[in-house]
K.L.:
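This is the structure, below, for whatever I ask next.
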Number of protein chains: 2
Amino acid sequence: MRPSHTKGTMMADCSKLTLSSSAKNSDQCPDCQRINEVLTRVGDRWSVLVIISLAQYGTLRFNELKRNLGISQRMLSLTLRELVRDGLVHRNQYPTIPPKVEYSLTKMGESFREPVNALGIWALDNLSKIDAARASYDVDKAE
Amino acid sequence: MRPSHTKGTMMADCSKLTLSSSAKNSDQCPDCQRINEVLTRVGDRWSVLVIISLAQYGTLRFNELKRNLGISQRMLSLTLRELVRDGLVHRNQYPTIPPKVEYSLTKMGESFREPVNALGIWALDNLSKIDAARASYDVDKAE
DNA sequence: CAGGATCCCTTCCGATACTG
DNA sequence: CAGTATCGGAAGGGATCCTG
């Protein structure tokens, strides 16, 4: 794929371009491209929710996650497979009968908790505001 | 709608049940339901990237955003409309010829910067790790 | 219990053409 | 410049049946 970038925060680069008018006319922001890529990987709804659940409960089995999230079996299966593949979730299988599979966060998955948590807090804090803004907007449009 | 919330914590009540899709299961995690809702509103890729861009550059015109993000005109139009509707983005129109429209973050949009920034930093920090984990996983599967 | 395999409908989204 | 309108392919995602 694309060359791996140096570890570290590259956010500073772009942040400093805040008032640069020349930057406005440049091509695609490289950070946006990178962030875009990551969002493609772990930015979908189910991935986020699975990670949140595992962050909360520590370890969950397949059907526990399924019930907890109200996700279809198919989507949970696909989502977990990708999360394991991406190194965010650890899969622990017990070869018993019936089988038992436990999922938990890896180190990297754990590190995802913080930003996701921040997002969750903001979400709970602003949901009602968004609803209000939306209602107000719709009323204005109607008249 | 439901203004009650606890600031600074992920704890939530489960009184808001307007969850989409066929969620007939009642034993769903209430937090997951709420987070699910907010993700439905501002959790899509383009919304996040638009907000990041506006957070970085302050004010951007339509085509500036378009070039910056590499987004199609159609998606940008739809995304901006929703962000304005949700009260996250402010739209300033100058009735000149040719027209000039500037977008910037509202107060609430600004407050979204912090969690989104955390997400962005994590993204830039972990993209290479994800790529590595993915490559390793694929190799193991192949042999 | 933990999935895999299909079917099929919906939504997303880019490409394109057109307007004020 | 800043959009809107339309079309068609691609992806998302639920329902159902099947297996070890």
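Please read these numbers as outputs of a predicted model, since none were measured by experiment. The figures that follow rest on heavy atoms only: side chains count, while hydrogens, waters and symmetry mates do not. Proteins get letters first, then strands, A, B, ... in listed order; numbering begins at 1 in each.
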K.L.:
Going by atom types only, do A:S128 and A:D131 share a side-chain donor-acceptor pair under 3.5 Å?
P.N.:
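Judged by distance alone, the side chains do not pair up.
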K.L.:
Between the side chains of B:T40 and A:R45, does any donor sit under 3.5 Å from an acceptor?
P.N.:
yes
K.L.:
What's the separation between atom OG1 in A:T79 and atom CD1 in A:I71, rounded to the nearest 0.5 Å?
P.N.:
4.5 Å
K.L.:
Mind checking whether A:Y57 and A:F112 sit in one hydrophobic cluster, side chains of I, L, V, M, F, W, Y counted as touching below 4.5 Å?
P.N.:
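Same cluster.
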K.L.:
Taking all non-hydrogen atoms of both residues, which atom of A:G70 and which atom of A:W46 are closest, and how far apart?
P.N.:
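Taking A:G70 first and A:W46 second, the nearest heavy atoms are O-CH2, 4.2 Å.
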K.L.:
Can you tell me the distance, in whole Å, between the CG atom of A:L76 and the P atom of D:dA15?
P.N.:
14 Å
K.L.:
State whether the number of non-hydrogen atoms from other residues, nucleotides or ligands found under 6.0 Å of A:E64 atom CD is greater than 12.
P.N.:
yes
K.L.:
Under a criterion of less than 4.0 angstrom to any heavy atom of chain A, what are the 5'-terminal and 3'-terminal contacting nucleotides of DNA chain C?
P.N.:
C:dC1 to C:dT6
K.L.:
Once you round it to whole Å, what is the distance between C1' of D:dA15 and NZ of A:K66?
P.N.:
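It is 11 Å, rounded to the nearest whole Å.
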K.L.:
Would you call A:K107-A:E110 a salt bridge at under 4.0 Å N-O?
P.N.:
no
K.L.:
For a quick check under 3.5 Å, do B:Y94 and B:E102 share a side-chain donor-acceptor pair by atom type?
P.N.:
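Per modelled atom types, B:Y94 and B:E102 side chains form a pair under 3.5 Å.
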K.L.:
Would you mind building the protein contact string for nucleotides 1-8 of chain D? One character per nucleotide, 5' to 3', B for base within reach (heavy atoms under 4.0 Å), S for sugar-phosphate only, - for untouched.
P.N.:
BSBB-B--
